[in-house]
Number of protein chains: 2
Amino acid sequence: MDTAWLSADEEQAWRAFRRLLIALPARIGRDLARDSGLSAADYEVLSTLSEKPDRRWPLRELAAKMEWSRSRLSHHAARMQVRGLIDKEPDPQDARGCLLRLTDDGFGVLERAAPHHVVSVRSRFLEHVSADELAMLRELSTRIADLPD
Amino acid sequence: MDTAWLSADEEQAWRAFRRLLIALPARIGRDLARDSGLSAADYEVLSTLSEKPDRRWPLRELAAKMEWSRSRLSHHAARMQVRGLIDKEPDPQDARGCLLRLTDDGFGVLERAAPHHVVSVRSRFLEHVSADELAMLRELSTRIADLPD
DNA sequence: ATAGGGTCGATGACATGTCATCGAATAGCC
DNA sequence: GGCTATTCGATGACATGTCATCGACCCTAT
């Protein structure tokens with residue numbers, strides 16, 4: 001096989017998949033903004049913070065967990081703090097660091113957003129994928145995302 | 001089934017797939033920037049323009065084909081024009097519009113970029129997907145991307 | 001022919017992400 | 001203890017995308 005080019009099959013599959021890579025996040029992101037006034041990034045920060053019992057997470061760890069740069073999270077957290085969704089506390093373990101905390105307002109926004117978001121993910125994606133396809137997609141996604149950068 | 005929530009299977013599949021949605025374009029985009037000094041957006045504009053025999057497209061049609069807003073393409077084309085990759089001509093069919101034309105420089109950049117890009121798409125994606133999986137992925141991607149917005 | 005509504009690309013304001021860099025604090029080594 | 005390299009979050013400059021809006025132009029109905 002000539003690896004310098006794509007076969008017709010590969011080309012068409014890659015095109016179709018690339019279209020999905022762009023369209024699906026865009027649609028779900030628009031739903032989120034319309035229903036809840038949140039960006040996909042906002043939602044990810046809120047929902048990840050809510051996973052901790054005390055709704056607090058060191059910025060550095062949260063960035064690592066979400067695979068964001070610290071810079072990105074620092075900028076984004078500053079904007080979310082202005083909106084009252086989260087706030088910052090000094091990290092008692094490390095005076096360089098800070099803890100991001102989900103505010104009660106932020107938690108309320110997340111709780112109201114979640115059901116709409118689930119509907120969106122279902123109607124735009126899950127409903128159109130069989131159980132077998134979903135299992136395959138999960139395995140394939142993990143396999144490829146786990147490749148070294 | 002309670003459609004207000006995701007089952008554990010759905011949740012895990014969606015998480016894994018979402019990771020792929022973010023990681024794969026990021027990796028291929030970084031390869032492109034490193035190898036050829038192009039963004040994914042640049043590459044898409046150049047390669048779509050190169051599909052026409054005369055390497056020209058009305059801005060509006062190109063935007064529609066790529067599923068970009070006219071505003072986005074107008075901004076992006078202005079930046080690419082400064083770099084000499086494309087230029088603009090008045091549209092003889094419609095004095096409101098303009099044609100985007102791939103310059104010789106732009107075509108050369110694309111020709112040198114393409115082989116590296118193919119290697120990137122192969123090594124980051126195609127090599128790790130079987131023919132059956134690829135066929136299923138193509139069908140599934142088309143099915144979902146074709147849903148109404 | 002011309003009036004009115006729609007479409008064209010350009011533009012400015014703004015949101016968001018990257019990258020390089022900073023000062024402060026930490027951790028490792030002697 | 002005291003250097004030194006590293007890591008922390010913050011920040012400014014910049015690239016890129018969205019949205020609302022603009023003037024110019026097209027098209028249709030009268």
Positional range of nucleotides in DNA chain D within the contact set of chain A, heavy-atom, under 4.0 Å: dT7(D) to dG12(D)
Test: Arg70(A) and Glu61(A) ion pair at under 4.0 Å: no
Verdict with supporting geometry, Asp42(A) and Arg79(A), salt bridge (Lys or Arg N to Asp or Glu O under 4.0 Å): CA-CA 10 Å; Asp42(A) 295 334; Arg79(A) 292 188 293 261; over 6 Å; no
Non-hydrogen side-chain atoms of Trp5(A) and Glu10(A) separated by less than 4.5 Å: no
Touch class at under 4.0 angstrom, heavy-atom based, for Ser71(B) against every strand present: base
Upstream residue (5' side of DNA chain D) when Ser39(B) and Arg30(A) are each assigned their closest nucleotide: Ser39(B)
4.5 Å side-chain heavy-atom contact, Val121(B) and Ile28(B): yes
Axial cation check for Phe107(A) ring with Arg55(A), 6.0 Å and 45° limits: yes
Rounded distance in Å - CZ (Arg70(A)) to C1' (dC22(C)): 13 Å
SB check Arg122(A) Glu127(A) (cutoff 4.0 Å): no
Check ion pair Asp54(A)-Lys52(A) (N to O, under 4.0 angstrom): no
Sorted by number, the residues of residues 77-101 of chain A with heavy-atom contact under 4.0 Å to DNA chain D: Lys88(A), Arg96(A), Gly97(A), Cys98(A)
Glu61(B) vs Ser69(A), nearer the 5' end of DNA chain C by closest nucleotide: Glu61(B)
Presence of salt bridge, Glu11(A) and Arg15(A), under 4.0 angstrom: yes
Sugar-phosphate only, base, or nothing, as touched by His75(B) at under 4.0 Å among non-hydrogen atoms: base
